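The structure appears right after this line, and notes come after that.
All of these numbers come straight from a predicted model, not from anything done at the bench. Each residue takes its place number in the sequence, starting with 1.
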Amino acid sequence: MSFPSDIEIAQINEHDNMKNIEEISSLLGLDTADIEPYGHFKAKISSNGIRKSMKQENGKLILVTSINPTPAGEGKSTVAIGLADAMQSIGEKTVLALREPSLGPVMGMKGGATGGGYAQVVPMEDINLHFTGDMHALTSATNTLAALIDNHLHQGNELNIDPRRIIWKRVLDINDRSLRNTVVGLGGPTSSIPREEHFEITVASELMAVLCLSQDLDDLKERIANILIAYTYDKKPVFVRDLNVEGAITMLLKDALKPNLVQTLENTPAIVHGGPFANIAHGCNSILATKLAMKLGDYAVTEAGFGADLGGEKFLDIVTPKLGHTPDAIVIVATVRALKYNGGQKLAELKSEDLNALTIGFKNLKRHVQNMRYYHIPVVVAINKFDTDTNNEIKLLRTLCEGLGVDVEVADIHHHGSKGGRELARMVVRATDKESSYTRLYDDAQTTVEKIDTIASEIYGANNVEYSRKAENQLKILKDNVWDDLPVCIAKTQYSLSDDPKRLGSPRDFTLHVKEIVPKLGAGFVVVLTGNVLTMPGLPKKPAALNMNIDNDGTISGLF
Ligand code: ADP
């Protein structure tokens, strides 16, 4: 019999083992006033609960990241969830902090973001679909702001906004390439001013980043007020505060700002909140979620999106300075399959042993280990075990890691839950006791070009950075407006360390192509778009949606 699908495992366990959310919150010392239940198994942590929790000491923080993703699968969320369960099972009070799934990948091809096998957060259907409505609130808030901007133009344009220089974009939480470039305001004088518009996916929006970086409602409002929305005809910046609508937009996000509490299949508390992608945004769950996980657990396990070159770097250079706590250990997830794929083995052949491809592909993991070592935090490699891995391959991968002097352990949690991850859990706990002296890769006071150069050469391995004419003009705008002292958030393909998705392994001596630079003054960083990365992805030829169904009892199938 074949191994059950993620949703089959989730449905059996949800039915048999899921605890009421009040029971989960009481494990954390939270009482009824501290949570706002959404049904029986989900809750928001209330303002009261947040205030109360923030008074506690911080536990230790473990950051889970990975090698570059491949079609062979890495299982970073699966390992983060399984690791938290395994730590809980060896007696360490552990709380997860994860991102919320977006409907884009759910309906597209990547799948959900609730883990897999016996390492999942539940209720998986709810979390992967509408959850507690945060994505919808963000979508509404972003589009409300867009409507207010267009209305301002229509009502006489007192601020002198140049419709060709509006940078605020509408969003949808789905991959919809047909809305990438469009025109709004058609239909004559009663239907506003015609102008070019571009939709992004909600998870790439600045409001998503702002929500994830805000500490409370006042901070959220201040950040929203500072968002740059357009330039005037004489090229002066226009901010949300000029429209005087920061109060209304903050109001729309009042509940979305509260972190969501759920549980794993093994009842480990999980705070799932905020969901920026790591290729086109900063890729980490909300600061509030990570802080709460540290306050409520002796250990917090959090995951940053895609490879360590994207989410890992952004967690360490953008988020960590705002957290007030640096990670105590970094776990890099790798699989034998993905490394062999990096080493040239074909997707269809990954089931067969290939020690040569593994040895060649190991250089991708080696680069990520070296990169994470820049930050002077203990690193552990977790080998996410697949059925098809042979003993020889696992043994070789261990030996290669030992050659690098990095701790390595197998995680067999997909098939066995916490039982398969206890050795890894012990190793990670030991790593958090080791000496660490967090060192940031760059200093905000450096120029934007210097910061991009540092990430490009140190993390990606580029020997040159080339700017489009548009990007060069935008660099000048940054300088003229004194917006040069912000961290940079590079948008880049997740598949390669370079900006070319086809260059697997450990590319070196290439040029990083910067095509656009967008100041996100509410989030407090500058987005640098490289290669052909898109902030509104498209759906694949056979979207995952084709396999999904629901019966008359409401039972869902095909959701992975
Ligand atoms: P990531 O976080 O790297 O995107 P996920 O943890 O979401 O990956 O896992 C993606 C898919 O791969 C899930 O459907 C999960 O069940 C599957 N998967 C992960 N680890 C394993 C494994 N060890 N064996 C089989 N399938 C796995």
Side-chain angles (χ1 to χ4, degrees), residues 68 104 164-171 175-182 196-201 203-206 208-209 228-231 235 237 276-283 305-307 309-311 313-314 317-318 442 446-481 483-484 486-503 507 509-521 523 525-538:
N68 291 102
R164 299 160 308 175
R165 291 199 167 83
I166 293 176
I167 51 178
W168 190 252
K169 296 180 171 129
R170 285 175 164 82
V171 296
N175 301 6
D176 192 349
R177 59 166 69 79
S178 56
L179 288 173
R180 251 176 226 157
N181 304 296
T182 184
E196 195 175 327
E197 173 64 305
H198 307 271
F199 277 70
E200 295 181 324
I201 188 159
V203 288
S205 69
E206 183 165 3
M208 171 59 91
L228 173 70
I229 49 174
Y231 293 91
K235 298 189 186 159
F277 288 172
N279 53 346
I280 50 181
H282 77 281
F306 292 126
D309 52 329
L310 288 171
E313 183 275 320
K314 292 168 188 178
D317 287 319
I318 297 174
Y442 57 78
Q446 288 172 274
T447 64
T448 304
V449 167
E450 285 166 347
K451 284 177 274 199
I452 297 171
D453 274 350
T454 306
I455 299 173
S457 60
E458 301 297 315
I459 301 288
Y460 305 160
N463 63 353
N464 185 32
V465 182
E466 211 170 83
Y467 293 85
S468 68
R469 180 164 302 171
K470 188 172 185 180
E472 272 176 359
N473 289 339
Q474 288 163 328
L475 278 173
K476 191 170 167 320
I477 294 174
L478 289 185
K479 216 182 206 119
D480 293 348
N481 287 285
W483 297 331
D484 226 8
L486 296 171
V488 293
C489 176
I490 300 191
K492 178 182 78 65
T493 176
Q494 65 270 31
Y495 299 116
S496 169
L497 280 149
S498 76
D499 61 2
D500 175 356
K502 295 204 173 63
R503 295 195 65 173
D509 300 336
F510 57 87
T511 297
L512 183 78
H513 303 89
V514 174
K515 63 171 189 187
E516 208 176 328
I517 298 179
V518 191
K520 304 271 184 179
L521 303 179
F525 53 62
V526 171
V527 170
V528 179
L529 293 138
T530 68
N532 292 320
V533 76
L534 293 166
T535 51
M536 174 52 102

Next on the checklist: I'd like to check the salt bridge (charged side-chain N to carboxylate O under 4.0 Å, His left out) partners of Asp317; sequence neighbours left out, ordered by chain and number.
Outcome noted: none

Item to check | Contacts of type side chain to side chain contact (heavy atoms under 4.5 Å, CB included), residue Ala523, not counting sequence neighbours | outcome: Glu206, Ala209, Val210, Leu213, Lys520, Phe525

Item to check | Shortest non-hydrogen contact between Ala471 and Ile517, atoms and distance | outcome: O-CD1, 4.0 Å

Checklist entry - Are any non-hydrogen side-chain atoms of Leu534 and Ile280 less than 4.5 angstrom apart? => result no

Checklist entry - What residues form a side chain to side chain contact (heavy atoms under 4.5 Å, CB included) with Arg177, not counting sequence neighbours? => result Arg180

Checklist entry - Atom CG in Leu512, atom CD1 in Ile452: separation rounded to 0.5 Å? => result 8.0 Å

Checklist outcome for this item: Across all chains, not counting sequence neighbours, the side-chain hydrogen bond (donor to acceptor under 3.5 Å, both in side chains) partners of Gln474 are none

Checklist entry - Shortest non-hydrogen contact from Pro519 to Tyr231? => result CG-OH, 4.4 Å

Item to check | Residues which pass side-chain hydrogen bond (donor to acceptor under 3.5 Å, both in side chains) with Ser496, listed by chain and number, not counting sequence neighbours | outcome: Ser498

Checklist entry - Can you name the residues that form a side chain to side chain contact (heavy atoms under 4.5 Å, CB included) with Pro537, not counting sequence neighbours? => result Asn175, Ile201

Checklist outcome for this item: Between the NZ atom in Lys451 and the SG atom in Cys489, the distance rounded to the nearest 0.5 Å is 12.5 Å

Checklist outcome for this item: Correct closest heavy-atom pair for Val527 and Ala491 would be CG1-CB, 4.5 Å

Next on the checklist: Could you measure the distance from the CG atom of Asp499 to the CG atom of Asn532? Nearest 0.5 Å is fine.
Outcome noted: 8.0 Å

Checklist entry - Is the closest side-chain heavy-atom distance between Ser468 and Glu516 below 4.5 Å? => result no

Checklist entry - Taking only residues two or more places apart in sequence or in another chain, which ones pass side-chain hydrogen bond (donor to acceptor under 3.5 Å, both in side chains) with Arg170? => result Asp150, Glu197

Checklist entry - Are Asp484 and Thr448 close enough that some pair of their side-chain heavy atoms sits under 4.5 Å apart? => result yes

Item to check | CA sep, side-chain torsions, deciding dist, call: His198, Glu200, side chain to side chain donor-acceptor pair (under 3.5 Å) | outcome: CA-CA 7 Å; His198 307 271; Glu200 295 181 324; over 6 Å; no

Next on the checklist: Quick check on Asn181: does its CG atom have over 12 non-hydrogen neighbours (other residues, nucleotides or ligands) under 6.0 Å away?
Outcome noted: yes

Checklist entry - Distance-only, no hydrogens or angles: does the Asn279 side chain make a donor-acceptor pair with backbone N or O of Gln494 under 3.5 Å? => result no

Item to check | Asn473: partners by side-chain hydrogen bond (donor to acceptor under 3.5 Å, both in side chains), with sequence neighbours left out | outcome: none

Next on the checklist: Test of understanding: with salt bridge (charged side-chain N to carboxylate O under 4.0 Å, His left out), list the residues that count as partners of Lys479, not counting sequence neighbours.
Outcome noted: none

Next on the checklist: Given 3.5 Å as the limit, does a donor-acceptor pair link the side chain of Lys492 with the main chain of Leu310, or not?
Outcome noted: no

Checklist entry - Which residue pairs pass the side chain to side chain donor-acceptor pair (under 3.5 Å) test with at least one member in residues 453-466, sequence neighbours excluded? => result Tyr374-Glu458, Asn464-Thr511

Item to check | Side chain to side chain, Leu486 and Leu521, heavy atoms closer than 4.5 Å | outcome: yes

Checklist entry - Quick one: salt bridge (charged side-chain N to carboxylate O under 4.0 Å, His left out) partners of Asp176, sequence neighbours excluded? => result none

Item to check | Approximate separation, where rounding is to 0.5 Å, of Phe277 CZ and Thr535 OG1 | outcome: 11.0 Å

Checklist entry - With side chains defined as the heavy atoms from C-beta onward, is the minimum distance between Leu478 and Trp483 less than 4.5 Å? => result yes

Checklist entry - Does Tyr442 use its side chain to pair, donor to acceptor, with the backbone of Val488 at less than 3.5 Å? => result yes

Checklist outcome for this item: Between the NZ atom in Lys470 and the CG atom in Leu475, the distance rounded to the nearest 0.5 Å is 13.0 Å

Checklist entry - Once you round to the nearest 0.5 Å, how far does CG of Leu228 lie from CH2 of Trp168? => result 10.0 Å

Checklist outcome for this item: Hits for side chain to side chain contact (heavy atoms under 4.5 Å, CB included) against Ala281, two or more places apart or cross-chain, chain-then-number order -> Pro276

Next on the checklist: If you count every heavy atom of other residues, nucleotides or ligands that lies below 6.0 Å from Phe510 atom CZ, does the total exceed 12?
Outcome noted: yes

